[in-house]
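Take a look at the structure set out below.
Counting starts at 1 for both ligands and their atoms, following the listed order. Not measured: the values here are computed from a predicted model.
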Amino acid sequence: MRRPKPRQSLTRKKRRLQEAEEIELLDSWIEAMKPASGTNPLAVTPPPPSAPAGRLPGAGGGFSPYAGCKLFSQLPISRRTKDGLARKYTEMSEIQRASLPHSLCGRDILGAAKTGSGKTLAFIIPVIEKLYKARWGPEDGVGSIIISPTKELAGQLFEELKTVGKYHTLSAGLLVGGRKDVDAEKQRVNTLNILVCTPGRLLQHMDETPNFDCSQLQVLVLDEADRILDHGFREQVDAIISQIPRVRQTLLFSATQTKSVKDLARVSLKDPEYISVHAESVTATPERLKQLAMIVPLEQKLNMLWSFIRRHLKSKILVFLSSCKQVKFVYEAFKKLRPGIPLKCLHGRMKHDVRMAIYLEFCQSTSVLFSTDVASRGLDFPAVDWVVQVDCPEDIPTYIHRVGRTARFTSDGRSVLFLTPSEKEMLKKLQSAEPKIPILSREPRKEKLEQISARLSSLLVQYPEMQQLAKRAFVTYLKSVHLQKDKEVFDVTKLPLEEFAASLGLAITPKIRFINQKKKGQKVLVEAVHEQEDGIDDSYKVANRKPQSSVKLNEEPEEDDILLPKKTIIDEEGNRDAEPGTRVLKKKKLKINVHRPVGTRLKYDEEGNIMPPLAAAIAGPESGNAVLRTDKGDRHPSLRL
Ligand SMILES: Nc1ncnc2c1ncn2[C@@H]1O[C@H](COP(=O)(O)OP(=O)(O)OP(=O)(O)O)[C@@H](O)[C@H]1O
């Protein structure tokens with residue numbers, strides 16, 4: 001008599017049969033409900049009550065069966081995905097209702113929706129469903145790649161993927177820089193079905209990990225697609241695209257979606273469905289966002305910021321400054337002045353683990369986070385009350401993404417933008433933008449202004465290291481203004497340098513090198529000396545690498561003391577944060593590491609921006625792939641999705 005099969009294998013067989021039946025049902029359901037290409041399920045009327053039960057007219061039926069579909073439970077998606085979603089979500093948002101009917105039937109999507117409107121689920125659900133219905137398993141390798149412009153956003157997407165995919169058996173991994181166990185990652189990356197990554201890290205695997213195989217890729221997702229396709233990531237993205245199949249489903253999402261045919265052609269979109277749920281919306285920004293702008297003289301900015309924080313000690317505030325050095329200085333100075341609310345800072349030159357810790361802390365606390373534009377896109381900090389832009393954003397999309405860190409989904413939010421008198425043009429641009437940006441101009445209340453310049457001066461005397469921070473903040477701000485493309489808004493020659501230096505507590509205005517700019521008879525000395533912004537982050541070499549010089553690890557290069565090749569620097573989030581040359585106070589002998597191979601490659605930081613050669617040395621030999629998240633919960637790569 002045959003031994004009864006062990007219960008487990010029976011269960012497994014039964015489960016596989018059930019899955020096969022479910023997949024067959026889902027496929028026929030999707031086929032029957034397929035919306036006509038080019039239709040927006042939101043805009044189409046629901047089927048009339050007289051519609052024949054069962055078979056609902058799909059393509060060309062004049063209405064979309066999805067139109068009445070508002071709940072995730074009504075979607076033709078697997079039970080496992082519905083159970084994963086039900087832990088957090090019930091009703092779909094507009095972008096989800098509009099895009100899922102198209103993405104679930106395998107179409108390419110060009111999705112545009114305001115910040116905080118739920119674009120993440122709009123691509124995570126089709127990614128999981130596609131692989132589930134293809135019966136994808138760990139032995140099938142990489143089935144989907146989700147690319148994000150920053151590590152923090154990649155981390156956030158990875159968490160959402162885990163939530164939605166909890167009951168699936170797909171494996172997923174987060175590939176971003178900053179971790180040490182690179183080899184462990186290289187061993188396992190081939191067993192992962194879904195990769196959430198930044199461009200630099202993914203490309204390094206493509207180029208360096210043996211047998212790393214994307215030849216079976218089913219779905220490619222670019223989150224913040226316009227940012228990923230812009231100049232900062234061009235080389236990486238083109239190199240990545242050249243190594244993945246052209247026949248695939250491609251999903252591009254952003255609140256400021258690119259429509260550049262050239263860009264879209266680069267990712268070989270095939271008849272994409274353009275889903276823009278807020279196209280008719282009167283405003284480009286969330287409805288519940290109240291936006292203010294104030295004209296603040298440059299030398300009054302820190303007094304205004306300090307006074308604002310002092311008047312909002314119970315609020316969660318995200319403050320944007322244009323460079324890492326300014327973030328460091330303002331954070332350190334305000335911390336010493338003790339405003340009465342916890343302060344945090346986030347920028348691209350922080351070590352990976354510190355960045356992730358700060359990001360998570362800010363999610364969970366009422367505090368003030370000073371940040372560069374590394375935090376401007378995608379990050380879903382819960383319940384931010386205020387976004388304060390102390391420095392003018394480089395362009396309107398950056399403005400939209402910055403203010404989009406508040407008023408997310410159905411929450412309220414407020415934002416205030418400080419503009420120097422010479423930046424007034426930006427207010428006009430914002431107010432005449434299409435779709436509208438309902439930003440109101442307000443006079444700052446001078447009686448409420450707390451002057452802190454004197455306190456800053458004494459801080460700089462008491463803490464000599466603050467002198468350096470203040471000086472670097474001074475020069476990097478000027479350089480960032482100088483490097484801006486929009487010369488109608490940004491003109492470094494119109495800035496009051498002495499008053500600005502004094503407002504930072506500097507007794508002497510730093511001498512900075514000449515940039516051939518005359519300022520009413522006075523020469524403004526600013527030189528484009530470009531320093532690696534993100535020296536300690538993981539790096540990836542892509543093309544011509546020059547001989548490296550070795551600089552101590554974990555130490556930020558003292559830009560003032562290093563004469564570097566003149567190069568435009570974009571920091572890791574693509575912000576120009578170059579260090580204008582200052583008079584070299586002391587010569588620091590650079591040890592050229594003669595043993596380091598002279599490669600033929602450029603170096604890239606984690607978020608895919610070109611790093612000047614020196615950064616390679618700073619990143620050090622162990623730079624390279626990060627392995628999966630080292631948080632305990634995620635150490636095991638065969639993530640139970
Ligand atoms: N259907 C839903 N029901 C309830 N909450 C949702 C739903 N979809 C998304 N959310 C929540 O809304 C917030 C914003 O979602 P998400 O981050 O996906 O927005 P986004 O459109 O990607 O924003 P951004 O343009 O800034 O990247 C998150 O907290 C998310 O959990």
message: I'd like to check which ligand 1 atoms, numbered from 1 as shown, lie under 4.0 Å from a non-hydrogen atom of Ser117.
response: 19 (O), 20 (P), 21 (O)

Sub-3.5 Å N/O-N/O distance, Gly404 and ligand 1: no

task: Could you check whether the rings of Phe253 and Phe123 sit parallel, tilted or perpendicular, using 30° and 60° as the cut-offs?
output: tilted

message: Under a 4.0 Å threshold between the charged nitrogen and the carboxylate oxygen, would Arg97 count as salt-bridged to Glu94?
response: no

message: Could you check whether Arg408 pairs with Asp380 (Lys NZ or Arg NE/NH1/NH2 to Asp/Glu carboxylate O, under 4.0 Å)?
response: yes

- prompt: Numbering the atoms of ligand 1 from 1, which are under 4.0 Å from a heavy atom of Glu224?
  reply: 27 (O)

task: List every atom of ligand 1 that sits less than 4.0 Å from any heavy atom of Thr120, numbering the atoms from 1 in the order shown and giving each element.
output: 16 (P), 17 (O), 18 (O), 22 (O)

Glu361/Lys344 ion pair, N-O < 4.0 Å: yes

- prompt: Pick from Asp395, Asp373, Asp391: which one makes a salt bridge (charged side-chain N to carboxylate O under 4.0 Å, His left out) with Arg402?
  reply: Asp373

query: Can you find a non-hydrogen atom of Arg405 under 4.0 Å from ligand 1?
result: yes

- prompt: Numbering the atoms of ligand 1 from 1, which are under 4.0 Å from a heavy atom of Glu91?
  reply: 1 (N), 2 (C), 3 (N)

query: Is the number of heavy atoms from other residues, nucleotides or ligands under 6.0 Å of Lys290 NZ greater than 12?
result: no

message: Counting only nitrogen or oxygen atoms and a 3.5 angstrom limit, does Met92 reach ligand 1?
response: no

field: Ionic contact status for Glu434 with Lys436, cut-off 4.0 Å
entry: yes

query: At their closest point, which heavy atom of Leu100 faces which heavy atom of Pro126, and how far apart are they?
result: CD2-CD, 3.6 Å

- prompt: Which one holds for Phe253 and ligand 1: side chain close, backbone close, both close, or neither close, with close meaning a heavy atom under 4.0 Å?
  reply: neither

query: Does ligand 1 have an atom that lies less than 4.0 angstrom from a heavy atom of Ser93?
result: yes

statement: Checking heavy atoms under 4.0 Å, the part of Lys119 that sits near ligand 1 is both

- line: of all protein heavy atoms, closest to atom 13 (C) of ligand 1 is Asp380 OD1, 3.5 Å

- prompt: Of the choices Phe381, Phe409, Tyr89, which has the non-hydrogen atom that lies closest to atom 12 (O) of ligand 1?
  reply: Phe409

- line: Note: ligand 1 atoms sitting under 4.0 Å from heavy atoms of Phe72 are 1 (N)

Top protein contact for atom 23 (O) of ligand 1, by heavy-atom distance: Gly116 N, 2.8 Å

- line: Here the atoms of ligand 1 under 4.0 Å from any heavy atom belonging to Arg408 are 14 (C), 16 (P), 17 (O), 19 (O), 20 (P), 23 (O), 24 (P), 26 (O)

message: If only side-chain N and O atoms count, and only distance matters, is there a donor-acceptor pair under 3.5 Å linking Lys114 with Thr283?
response: yes

- prompt: In the protein, what heavy atom is nearest to atom 8 (N) of ligand 1, and what distance, to one decimal place, separates them?
  reply: Gln96 NE2, 2.9 Å

- line: The closest protein heavy-atom partner of atom 19 (O) of ligand 1 is Gly118 N, 3.2 Å

- prompt: Between Cys392 and Leu417, what is the shortest heavy-atom contact and its length?
  reply: CA-CD1, 4.2 Å

message: Determine whether Arg288 and Asp412 satisfy the following criterion, salt bridge (Lys or Arg N to Asp or Glu O under 4.0 Å), listing intermediate values before the conclusion.
response: CA-CA 5 Å; Arg288 307 165 77 106; Asp412 294 327; 2.9 Å; yes

message: One residue to check: Lys114. Relative to ligand 1, which of side chain, backbone, both or neither has a non-hydrogen atom less than 4.0 Å away?
response: backbone

